[in-house]
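This one's a predicted model, so the numbers in the text were calculated from it and none came from an experiment.
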Amino acid sequence: MLAAGLLAATVIDIRTRRIPNLLTAGMAAAGVALAALGASDISIAGAMLGFLIGLLLMVPGHALGATGAGDVKLMAAVGAIVGPNAVIAAFLFTAITGGVLAVLVAMRRGRLIATLSGTGRLIAAPGEAKRTIEAPARANRFAYGPAIAVGSMLAMVLR
């Protein structure tokens, strides 16, 4: 179920740059349902805590403008399926994967040097981060659903 949901989110995010609420809500509900039916190794409370942790881990990135609301909800849905401990690992692997994808996207767009130098400025002046990331002329944004998918699946495979 996790792989199917993440695959759907990845394809949709790459095509539309959005992750539908229906998909993330369905994944989260399925995670809780699996826990309730005993078809998962986590409890209902674990599914709900995993949802909350996944949500909270992604909120800072969203507040900075680095990720969209769909990305936040997707990580929360992952948490509902995998539970609180595994969602932390999924988040860490997602962050690493996202960094690698950001470098690849910057290279492909011919913006690697500008992206790397801009990263230093974002760290030094975090108040400017959201405006800089969202600036349409800079081509800074990319679909983050694939990073969540790869990071989450890596966390499950290496678990």
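Connection of Phe51 to Ile53 is not established within any shared hydrophobic cluster, with ILVMFWY side chains joined at heavy-atom distances below 4.5 Å, either directly or through further cluster members. Put simply, Leu55 and Val78 are part of the same group of oily side chains (I, L, V, M, F, W, Y) that touch within less than 4.5 Å, one to the next. Leu2 and Ile44 are assigned to two separate hydrophobic clusters, defined by single-linkage of ILVMFWY side chains at heavy-atom distances under 4.5 Å. Under the 4.5 Å side-chain contact rule for hydrophobic residues, Met75 and Leu23 share a cluster. Cluster annotation: Met156 is connected to Leu92 through the hydrophobic network of ILVMFWY side chains, with a link wherever side-chain heavy atoms come within less than 4.5 Å.
For the pair Ala89 and Ala155, the tightest heavy-atom approach, listed with the atom from each and the gap, is C-CB, 3.8 Å. Between Thr97 and Ala147 the shortest heavy-atom distance is CG2-CA, 3.8 Å. Nearest heavy atom pair, residue Phe142 against residue Gly98, reads CZ-O, 3.8 Å. Contact between Ile42 and Ile81 at its shortest, heavy atoms only, is CD1-O, 3.6 Å. Taking every heavy atom of both residues into account, Ala77 and Ala28 meet most closely at CB-N, 3.8 Å. Here the closest heavy-atom approach between residue Gly79 and residue Val87 is recorded as CA-CG2, 3.4 Å.
Residues Leu6 and Met153 are in side-chain contact: their nearest non-hydrogen atoms beyond the backbone lie under 4.5 Å apart. No side-chain heavy atom of Val105 sits less than 4.5 Å from a side-chain heavy atom of Arg111. The shortest side-chain heavy-atom distance between Met58 and Tyr144 falls under the 4.5 Å cut-off.
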Next on the checklist: For a salt bridge (Lys or Arg N to Asp or Glu O under 4.0 Å) check, start with the C-alpha distance between Arg159 and Asp41, then their side-chain angles and the critical distance, and finish with the verdict.
Outcome noted: CA-CA 13 Å; Arg159 187 170 131 174; Asp41 61 346; 2.6 Å; yes
Item to check | Derivation and outcome, side chain to side chain contact (heavy atoms under 4.5 Å, CB included), residues Ile19 and Lys73 | outcome: CA-CA 9 Å; Ile19 300 172; Lys73 292 177 270 189; over 6 Å; no
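More than 12 non-hydrogen atoms from other residues, nucleotides or ligands lie less than 6.0 angstrom from CG of Leu158. No more than 12 heavy atoms of other residues, nucleotides or ligands shown are found within 6.0 angstrom of CE on Met48.
Side-chain atoms of Ser152 never come within 3.5 Å of backbone atoms of Ala149 as a donor-acceptor pair (strictly under, hydrogens ignored). Checking side-chain atoms of Asp71 against main-chain N and O of Gly68 turns up a donor-acceptor pair under 3.5 Å.
Between Phe93 and the choices Ile148, Leu154, Val150, Val157, the side-chain contact (heavy atoms from CB on, under 4.5 Å) rule is met once, by Leu154.
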